[in-house]
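When reading the values below, keep in mind they use all heavy atoms of this one structure, side chains included, and skip hydrogens, waters and symmetry mates.
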Amino acid sequence: MRSSPQSRSGRGSSTLPPDADYVDLRRGGGRALSADPASLSPRLRRRRALTLMLLTLVAPGSAQLVTGNRTVGRVALRFWFITLALVVIGAVLAVLDRGFMLGLIANQYVLVLLAGALVIGAICWAGLFVDALRLSRPRLLSVGTRRSIAALTAVLITLTAGPMVFAANNVMAGRDAVAGVFGGHRGVPPTDGRYNILLMGGDSGADRVGTRPDTIMLASIDADTGKTVLFGFARDTENIHFRSGSTMARLMPGGWDCGDQCLLNGLYQWAGEHKDQFPADVSDPGALATKEAVEALSGLDIQYYGLVNLRGFQRFIDAVGGIDVDVKKRTPIGGGTSPVSGYIEPGQQHLDGYHALWYARSREGSSNYERMARQRCVMTAMVHQLTPQTVILKFQAIAGVSGSVLTTDIPDRDLGALADLAIKARGHKMTSVNFVPPLIKPWDYDPSVIHTKVEQTIAASRADTSKATTPARKSPAKPASGGASTPSGASGSSGSAGSSADSTDATNDLTSICSAG
């Protein structure tokens with residue numbers, strides 16, 4: 001008498017059906033899944049257990065629909081397909097309107113809902129895997145198979161629920177950062193199709209009285225293409241006369257004009273010390289005063305500002321893993337009131353937060369204008385090297401230092417549009433102009449020269465964008481001058497602006513100081 005596979009295995013006491021039925025179960029995969037595991041051979045039990053796990057991986061709830069609680073299976077599958085549909089819709093929207101999608105995921109309430117959904121989804125998916133293990137009837141499996149299926153269950157839970165919990169933590173960290181840095185501000189529309197954002201960098205701490213921004217730059221961004229022009233203003237710029245009707249024009253009718261005691265970077269501290277003279281709804285008088293000063297200097301309307309605390313900047317660079325800079329000139333670490341403790345040597349350097357900060361701020365043996373060039377180089381490196389992969393993998397560390405790095409009046413409602421422009425900006429060369437000698441003398445200049453240069457630079461940037469989107473035309477042969485041409489209408493020799501293209505190019509050339517991509 002032939003013994004059945006069940007009796008040969010030495011496990012269980014049930015009797016298999018006749019061979020004809022056994023062959024039918026083996027060939028009919030669906031019936032094998034729903035069949036009583038005790039009626040199957042050890043090989044089919046193992047295959048059934050593995051199939052239940054894979055079904056739960058690719059379509060959570062399908063294992064329960066086939067052989068468990070069908071109500072649970074239907075509900076789980078419905079949520080699974082709804083999630084897939086939302087992902088597809090999100091991907092389509094990201095292609096059609098990336099700014100809208102970025103704004104949506106920067107919304108505090110959406111982030112809370114997303115984090116909650118991720119946590120609930122992770123718990124439910126893990127529960128479905130555990131239930132699929134139960135449905136495989138481990139007691140009927142051999143010891144080796146039982147251990148393998150249990151290990152597979154743990155691995156699949158780790159690979160599915162684990163990333164979802166990690167993502168939920170990142171989402172909540174992002175929500176806290178958005179609320180802490182960008183919450184409570186009002187949106188301002190672009191002017192003439194451009195966002196103009198004042199960027200400042202300075203130290204504030206127990207060893208310093210107030211805040212004096214050492215870095216003052218204005219980023220003018222095309223609201224459609226993201227192409228950016230960066231204007232740098234020397235911190236020792238003097239003789240600033242504010243626009244009529246501005247807050248600072250009311251407080252200083254004669255302007256910020258008292259020689260070496262009234263420098264551009266001193267406005268921030270002055271405003272902080274006279275906060276009671278500003279309107280009650282002004283949360284940062286120093287930022288408003290500096291913003292209105294740069295508006296007067298540039299002739300542009302400024303929508304927003306961002307103040308980067310240099311101590312926090314060091315922690316931010318460490319959080320993203322450092323930046324790569326091609327250093328052209330040996331740069332001291334220290335100097336001034338402290339001894340030089342080392343140098344950042346020429347060549348391709350990977351700078352951590354400490355060295356990036358010293359590279360941006362070092363004054364020893366260099367001019368303020370060279371220092372401004374290094375600061376722009378560091379900013380360029382951050383723009384081009386901060387990849388989405390870095391942000392995702394190190395998001396919690398980045399979000400954790402955001403509050404100590406950045407103070408701004410950019411509202412969360414505009415984060416999507418500005419983030420989209422930042423992505424677009426990576427595809428364009430960033431044009432930059434520094435208002436320093438020989439272009440102007442910060443202590444003795446004609447404001448109209450700065451206005452004219454700003455207008456010409458923005459017009460040239462727009463023209464470059466237009467050329468990139470229209471068929472190329474033959475242009476007249478250029479004179480063999482060996483140098484860059486000066487834009488039509490550029491000011492000539494007036495004592496406050498450089499008269500040659502060569503001198504202007506030398507002022508704005510980053511490559512003689514450093515380069516970063």
Looking at [atom1] of [X] and [atom2] of [Y], how far apart are the two atoms once the value is rounded to the nearest 0.5 Å?
| X | Y | atom1 | atom2 | answer |
| --- | --- | --- | --- | --- |
| Met172 | Leu118 | CE | CG | 11.5 Å |
| Leu307 | Thr408 | CG | OG1 | 9.0 Å |
| Lys227 | Lys429 | NZ | NZ | 9.5 Å |
| Ser432 | Met217 | OG | CE | 10.0 Å |
| Arg194 | Asp224 | CZ | CG | 10.0 Å |
| Leu135 | Arg137 | CG | CZ | 9.5 Å |

- Task: Might you work through the side chain to side chain contact (heavy atoms under 4.5 Å, CB included) test for Phe231 and Ser220, ending with a clear yes or no?
- Result: CA-CA 8 Å; Phe231 300 105; Ser220 183; 4.2 Å; yes
So do the side chains of [X] and [Y] get within less than 4.5 Å of each other, counting heavy atoms only?
| X | Y | result |
| --- | --- | --- |
| Leu230 | Val433 | no |
| Pro411 | Arg186 | no |
| Ile197 | Ile221 | yes |
| Ile333 | Tyr343 | no |
| Leu52 | Thr67 | yes |
| Ile323 | Ile317 | yes |
| Leu152 | Leu50 | yes |
| Glu345 | Lys329 | no |

Does [Y] offer a backbone N or O that forms a donor-acceptor pair with the side chain of [X] under 3.5 Å?
| X | Y | answer |
| --- | --- | --- |
| Arg45 | Pro37 | yes |
| Thr153 | Ile149 | yes |
| Ser362 | Tyr359 | no |
| Tyr304 | Val188 | yes |
| Asp352 | Asp318 | no |
| Arg371 | Ser366 | no |
| Ser62 | Ala59 | yes |

Check [X] against [Y] and note the closest heavy-atom contact, atom names and distance.
| X | Y | answer |
| --- | --- | --- |
| Leu128 | Gly61 | CD1-N, 3.8 Å |
| Ala219 | Leu199 | CB-CD1, 4.1 Å |
| Tyr268 | Pro213 | CB-CD, 3.6 Å |
| Gly226 | Ala425 | O-CB, 3.3 Å |
| Pro346 | Arg330 | CG-N, 3.7 Å |
| Ala49 | Leu141 | CB-CD1, 4.2 Å |

- Message: Please determine whether side chain to side chain contact (heavy atoms under 4.5 Å, CB included) holds for the pair Asp324 and Gln348, giving the CA-CA distance in whole Å, both sets of side-chain angles, and the decisive distance to 0.1 Å.
- Response: CA-CA 7 Å; Asp324 294 317; Gln348 189 71 27; 3.7 Å; yes
Does any donor atom in the side chain of [X] or [Y] lie under 3.5 Å from an acceptor atom in the other side chain?
| X | Y | answer |
| --- | --- | --- |
| Asp131 | Gln64 | yes |
| Arg462 | Thr225 | no |
| Thr145 | Ser148 | no |
| Asp412 | Gln108 | yes |

- Picking from Ile458, Val294, Asp192, what satisfies side-chain contact (heavy atoms from CB on, under 4.5 Å) with Leu300?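 Between Leu300 and the candidates, side-chain contact (heavy atoms from CB on, under 4.5 Å) is satisfied uniquely by Ile458.
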- Option from Leu111, Asp97, Leu114, Val110 for which side-chain contact (heavy atoms from CB on, under 4.5 Å) with Leu104 holds: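 The side-chain contact (heavy atoms from CB on, under 4.5 Å) with Leu104 is passed solely by Val110 among Leu111, Asp97, Leu114, Val110.
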- Message: Does the plane of the ring in Phe129 sit parallel, tilted or perpendicular to the ring in Trp125? Use 30° and 60° as the thresholds.
- Response: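 Judged by the thresholds at 30° and 60°, the geometry between Phe129 and Trp125 is parallel.
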- Item | Lys NZ or Arg CZ of Arg361 over Trp358 ring: under 6.0 Å, within 45° |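 Because its charged atom sits under 6.0 Å from the ring centre and within 45° of the axis, Arg361 does stack over Trp358.
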- Query: So which of Asp409, Thr407, Asp284, Asn196 actually passes side-chain hydrogen bond (donor to acceptor under 3.5 Å, both in side chains) with Tyr305?
  - Reply: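 Single pass found, and it is Asp284.
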- Item | Working for side chain to side chain contact (heavy atoms under 4.5 Å, CB included), residues Cys377 and Val325 | CA-CA 8 Å; Cys377 194; Val325 175; 4.1 Å; yes
- Go through the steps for Val112 and Arg175 under the test side chain to side chain contact (heavy atoms under 4.5 Å, CB included), then give the verdict. CA-CA 7 Å; Val112 171; Arg175 185 264 173 196; 3.9 Å; yes
- More than 12 foreign heavy atoms under 6.0 Å from OH of Tyr354: is that the case here?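 Buried by this count: over 12 neighbours within 6.0 Å.
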